[in-house]
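Beneath this line is the structure, given in structure tokens, with notes to follow.
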Amino acid sequence: MATRLDIGEQEQLDQLKDFWKAYGNLITWVLILALGGFAAFNGWQWLQRDRAQKAAVLYDQLDKAVQAGDAERTTRVFTDLKERYGSTTYAEQAGLAAAKLLFGKGQLDAARVNLQWVAENANQGEYRVIASLRLAGLLLDEKKYDEALKQLPADAPPAFAGLVADRRGDILNAQGKTEEAKAAYRTAWEVLPPTIDYRRLVEAKLTALGAPPNAGVPVLIPAPVPGGASQ
């Protein structure tokens with residue numbers, strides 16, 4: 001019995017050797033690739049966390065500069081942030097914050113550059129739309145109407161569709177294209193939720209153009225109560 005077991009074990013060992021000889025390299029490479037991919041994934045996650053932490057530190061510095069009204073330091077920190085960590089959300093938020101401060105300081109060209117960067121580079125669609133709307137507003141103030149219209153996104157998220165339409169109406173109205181402006185304002189009024197106060201501003205714009213949104217809606221007069229006032 002012992003001899004037969006020894007022979008069986010030897011046969012299994014020979015089979016294992018043959019299998020390893022045929023497929024050993026393939027198995028080794030598969031394991032190397034799998035382990036390498038796992039290590040790369042962990043390394044990528046660590047790198048992302050490290051970048052986010054460092055970007056957060058710079059954003060905190062920029063926020064303090066904005067709060068202090070220090071336009072020069074704000075610009076310097078934002079430049080560093082977008083060059084080193086431009087793919088982070090912190091850079092997008094910083095661009096908007098810096099542009100707002102610079103606009104308030106009358107540095108319109110610098111504000112426009114920052115907004116343009118966010119509009120073109122932000123990964124978050126919401127930040128791209130916000131930057132585009134503000135940029136269009138700056139160009140509207142400068143009477144650069146065609147450029148302003150080009151900044152308005154055609155694929156804005158639904159939550160921003162009303163604001164985009166309203167800004168388009170402002171630009172068209174400034175160009176003297178009254179009918180097109182009315183259409184844009186009406187789109188904005190219809191899209192914006194009734195609970196948002198901004199919708200009342202859009203309604204005022206339509207009314208000022210002689211096209212109140214409720215015009216033509218029949219007024220329902222309640223039927224008289226039988227018996228008159230005695231009821």
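Side chains included, hydrogens not; waters and symmetry mates left out as well; all remaining heavy atoms used.
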Decide, yes or no, whether a salt bridge links [X] with [Y] under the criterion of side-chain N to carboxylate O below 4.0 Å.
X      : Y      : value
Glu203 : Arg200 : no
Lys150 : Asp146 : no
Lys64  : Asp60  : yes

With a 4.5 Å cut-off on side-chain heavy atoms, are [Y] and [X] touching?
X      : Y      : answer
Lys177 : Ile171 : no
Leu133 : Leu152 : yes
Arg128 : Gln124 : no
Leu206 : Trp189 : yes
Thr89  : Asn123 : no
Arg73  : Gln61  : yes

Would you say Glu120 has more than 12 foreign heavy atoms packed within less than 6.0 Å of its CD?
yes
Please determine, by modelled atom types, if Tyr198 and Asp166 share a side-chain donor-acceptor pair under 3.5 angstrom.
yes
Is it the case that the side chains of Gln151 and Glu147 hold a donor-acceptor pair, with the cut-off being a distance below 3.5 Å and no angle test?
no
Which residues share a ring-ring contact (aromatic ring centres under 6.0 Å, His included) with Phe78, sequence neighbours left out
Trp117
Using 0.5 Å steps for rounding, measure from the [atom1] atom of [X] to the [atom2] atom of [Y].
X      : Y      : atom1 : atom2 : answer
Arg167 : Leu149 : CZ    : CG    : 11.0 Å
Thr75  : Leu62  : OG1   : CG    : 8.5 Å
Phe160 : Glu126 : CZ    : CD    : 5.5 Å
Lys82  : Glu92  : NZ    : CD    : 13.0 Å
Leu140 : Arg168 : CG    : CZ    : 13.0 Å
Leu58  : Thr88  : CG    : OG1   : 9.0 Å

Out of curiosity, does [Y] fall in the hydrophobic cluster containing [X] (side-chain heavy atoms, cut-off under 4.5 Å, transitive links)?
X      : Y      : answer
Val191 : Leu172 : no
Val129 : Leu96  : yes
Leu108 : Val113 : no

What do the steps show when you test Tyr59 against Val77 for side-chain contact (heavy atoms from CB on, under 4.5 Å), and what is the final call?
CA-CA 8 Å; Tyr59 181 81; Val77 175; over 6 Å; no
Output every pair passing side chain to side chain donor-acceptor pair (under 3.5 Å) with a member in residues 96-115, not counting sequence neighbours, ordered by first then second residue.
Asp109-Arg112, Arg112-Glu142
At their closest point, which heavy atom of [X] faces which heavy atom of [Y], and how far apart are they?
X      : Y      : value
Ala181 : Gly169 : CB-O, 3.6 Å
Leu101 : Gly69  : CD1-CA, 3.9 Å
Leu192 : Leu163 : CD2-N, 4.4 Å
Ala131 : Leu115 : CB-O, 3.6 Å
Ala188 : Gly162 : CB-O, 3.3 Å
Ala119 : Ser132 : CB-OG, 3.7 Å

Please walk me through it: do Asp80 and Arg84 pass salt bridge (Lys or Arg N to Asp or Glu O under 4.0 Å)?
CA-CA 6 Å; Asp80 191 21; Arg84 297 171 61 185; 3.3 Å; yes
Under the side-chain contact (heavy atoms from CB on, under 4.5 Å) criterion, do Thr74 and Leu102 qualify, and how do the steps go?
CA-CA 9 Å; Thr74 296; Leu102 294 170; 5.7 Å; no
Step by step, work out the side-chain contact (heavy atoms from CB on, under 4.5 Å) result for Lys182 and Arg186.
CA-CA 6 Å; Lys182 290 179 184 179; Arg186 180 168 290 277; over 6 Å; no
For side-chain contact (heavy atoms from CB on, under 4.5 Å), just list the numbers for Asn173 and Tyr185, CA-CA rounded to whole Å, side-chain angles, deciding distance to a tenth of an Å, and then say yes or no.
CA-CA 10 Å; Asn173 190 37; Tyr185 285 140; 4.1 Å; yes
